[in-house]
Amino acid sequence: MKNIIITGGAGFIGSHVVREFVKNNPNSKIINLDALTYAGNLENLTDIENEPNYVFEKADITKPEELRKVFEKYNPDAIVHLAAESHVDRSITDPNAFINTNVNGTANLLNLAKEFWTLNPDHQHGNFPGNERDFLFYHVSTDEVYGSLGETGFFLEDTAYDPKSPYSASKAASDHLVRAYGNTYGMPFIISNCSNNYGPNHFPEKLIPLCISNILNGKPLPIYGDGKYTRDWLYVVDHAKAIHQIFNEAKTGETYNIGGWNEWKNIDLVKELIKQMDAKLGNPAGFSEALITYVKDRPGHDLRYAIDATKLNKELGWKPSVTFEEGLGKTIDWFLENKEWLDNVTSGNYQDYYASQYANDSN
Ligand SMILES: Cc1cn([C@H]2C[C@H](O)[C@@H](COP(=O)(O)OP(=O)(O)O[C@H]3O[C@H](C)C(=O)[C@H](O)[C@H]3O)O2)c(=O)[nH]c1=O
């Protein structure tokens, strides 16, 4: 019986990871530790909330005393750490929130894991007992730590870190901390760096769910700059499956890139989304293209992310199971079937907040 804490399990990616672990680890207790900030929502997990191997604990990773209580209660064998501030635009207007959660919050978790996993007095100097896989700190990170690519090339696991936004710098710092605890204290760790995710439960501040929401409401689709910025997109369930497989099968001390081999320029992606949505809504082809609105660019906008997941594919046989067309279709269907979820999460005034920062400044 293993006790596995998943931090940020009420968030977008976190909820899919929790589901994957709850369904596939019946003999482990899955502890969803989440502060329920604006992007965390237990409605994301109603289908598994009554499973006997699932439990929720409200705690904030920036508050060590709250974390300690959860550690004392469950004495975890593993941490899968996803809790993070994740929206690049928010990091530009409020960097300290990102430093606090992503850097200090990760350090708080590492310190507690180090303390709890080295209690055995036979294991001095911070070394971990016996089979190092008895314990595991799995850190879920982003491809943005590698910086921005030109028109060609891919991020590899040994690409030098070159983060450009306060968000990516905070994630890079947390990756470095995890590796430093591995090097200094023998903390068994794994890190994975993934490209852009999309799918059900995606908070509508990010490009795809924002555009789905705005098409449904006849609102402008804000395209930053010239729209030629490029991202690699992966269906969130495929990311969750990759994390689960790496958690179970990979060696500690390793890093894995995860991606979809699926690059899109933002404007082409939005047009593809419009194509599928107009068809599903019974609109004439191209109807929603009138909503496309070019707005002021994101400051320091990374031109292109492209990630090579060959290591993960070669070592563990993982590859995406869902094509982009299929994944986008499933995502749109989910939003159409869950309008109440969308209404609930958009009732805070975040869109107005961002509108005041960037929108309506056409170029
Ligand atoms: C919200 C928005 C975005 N954009 C552009 C900005 C980006 O070039 C692209 C995607 O933006 P989004 O904010 O959805 O995601 P990224 O900034 O690429 O970052 C995301 O993917 C990485 C891997 C993470 O690690 C982040 O946590 C995650 O938020 O669309 C627009 O043009 N208009 C908009 O209204």
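Every number for a ligand or one of its atoms is a count from 1 in the order of the listing. Just so we're clear, the structure is a prediction, and the values are computed from it rather than from any experiment.
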Check your understanding: Side chain or backbone of Asn266 under 4.0 Å from ligand 1, or both, or neither, by non-hydrogen atoms?
Key -> side chain
Check your understanding: Is the Phe116-Phe71 ring centre distance short of 6.0 angstrom?
Key -> yes
Practice item. Could you check atom 22 (C) of ligand 1 against the protein and tell me its nearest heavy-atom contact, residue, atom and distance included? Key: Glu144 OE2, 2.9 Å
Practice item. Mind checking whether Lys206 contacts ligand 1 via backbone (N, CA, C, O), side chain (CB onward), both or neither, at a 4.0 Å heavy-atom cut-off? Key: both
Review point. Do Lys29 and Tyr74 meet the cation-pi criteria used here (NZ or CZ under 6.0 Å from the six-membered ring centre, within 45° of the axis)?
Key: no
Exercise for review: Check the pair Lys280 / Asp278 against salt bridge (charged side-chain N to carboxylate O under 4.0 Å, His left out), numbers first and verdict last.
Suggested key: CA-CA 5 Å; Lys280 285 180 195 285; Asp278 277 342; over 6 Å; no
Exercise for review: May I ask you to list the atoms of ligand 1 that are less than 4.0 angstrom from any heavy atom of His301?
Suggested key: 6 (C), 7 (C), 8 (O)
**Study point:** Proximal atoms of ligand 1 relative to Ser86 (non-hydrogen, under 4.0 Å)
**Key:** 26 (C), 27 (O), 28 (C), 29 (O)
Exercise for review: Report the part of Val88 (side chain from C-beta onward, or backbone N, CA, C, O) that has a heavy atom under 4.0 Å from ligand 1; answer both or neither where that applies.
Suggested key: side chain
Revision key, fill the gap. One finds that the ligand 1 atoms under 4.0 Å from a non-hydrogen atom of Ile223 are 32 (O)
Exercise for review: Have a look at ligand 1 and work out which part of Ser168, if any, has a heavy atom under 4.0 Å from it: side chain, backbone, both or neither.
Suggested key: neither
Check your understanding: Under 3.5 Å, N or O to N or O, is Trp233 touching ligand 1 that way?
Key -> no
Review point. Near His87, which atoms of ligand 1 are under 4.0 Å from a heavy atom of that residue?
Key: 13 (O)
Point to revise | Side-chain donor-acceptor pair present, Asn313, Tyr256, cut-off under 3.5 Å | key: no
Point to revise | Lys/Arg-Asp/Glu bridge criterion (N-O < 4.0 Å) met for Arg304, Glu263 | key: yes
**Study point:** Residue pair His87, Phe203: steps toward the ring pair (Phe, Tyr, Trp, His ring centres under 6.0 Å) verdict
**Key:** CA-CA 10 Å; His87 193 42; Phe203 195 82; 8.6 Å; no
Exercise for review: Return yes when Glu205 approaches ligand 1 closer than 4.0 angstrom through a heavy atom, no otherwise.
Suggested key: yes
Point to revise | atom 33 (N) of ligand 1 [closest protein heavy-atom partner, distance rounded to 0.1 Å] | key: Pro222 O, 2.7 Å
Review point. Which of the atoms of ligand 1 are close to Asp143, meaning less than 4.0 Å from one of its heavy atoms?
Key: 23 (C)
Review point. If we only count N/O pairs under 3.5 Å, is Cys194 in contact with ligand 1?
Key: no
Exercise for review: Could you list which atoms of ligand 1 come closer than 4.0 Å to a heavy atom of Leu210?
Suggested key: 35 (O)
Practice item. Quick one: look up the protein heavy atom nearest atom 14 (O) of ligand 1 and list residue, atom name and how far away it is. Key: Leu207 N, 2.8 Å
Review point. Atom 32 (O) of ligand 1: which protein heavy atom is closest, and how many Å away?
Key: Tyr224 N, 2.8 Å
Exercise for review: Check the surroundings of atom NZ in Lys206: do more than 12 heavy atoms from other residues, nucleotides or ligands lie under 6.0 Å from it?
Suggested key: yes
Point to revise | Step-by-step side chain to side chain donor-acceptor pair (under 3.5 Å) determination, Tyr305 to Glu144 | key: CA-CA 7 Å; Tyr305 307 143; Glu144 298 196 15; 3.2 Å; yes
Exercise for review: Quick one: sort the Tyr138 and Phe247 rings into parallel, tilted or perpendicular, breaks at 30° and 60°.
Suggested key: parallel
Check your understanding: By side chain to side chain donor-acceptor pair (under 3.5 Å), which residues pair with Ser321, not counting sequence neighbours?
Key -> Asp238
Practice item. Give the single entry among Lys171, Arg304, Arg231, Arg298 that approaches atom 17 (O) of ligand 1 most closely by any heavy atom. Key: Arg298
Exercise for review: Go through the side-chain N and O atoms of Tyr38 and Glu205 and say whether any donor and acceptor fall under 3.5 Å apart.
Suggested key: yes
Review point. For atom 15 (O) of ligand 1, what is the nearest protein heavy atom, given as residue, atom name and distance?
Key: Asn196 ND2, 3.4 Å
Review point. With a 6.0 Å cut-off on ring centres, are Tyr54 and Phe21 close enough?
Key: no
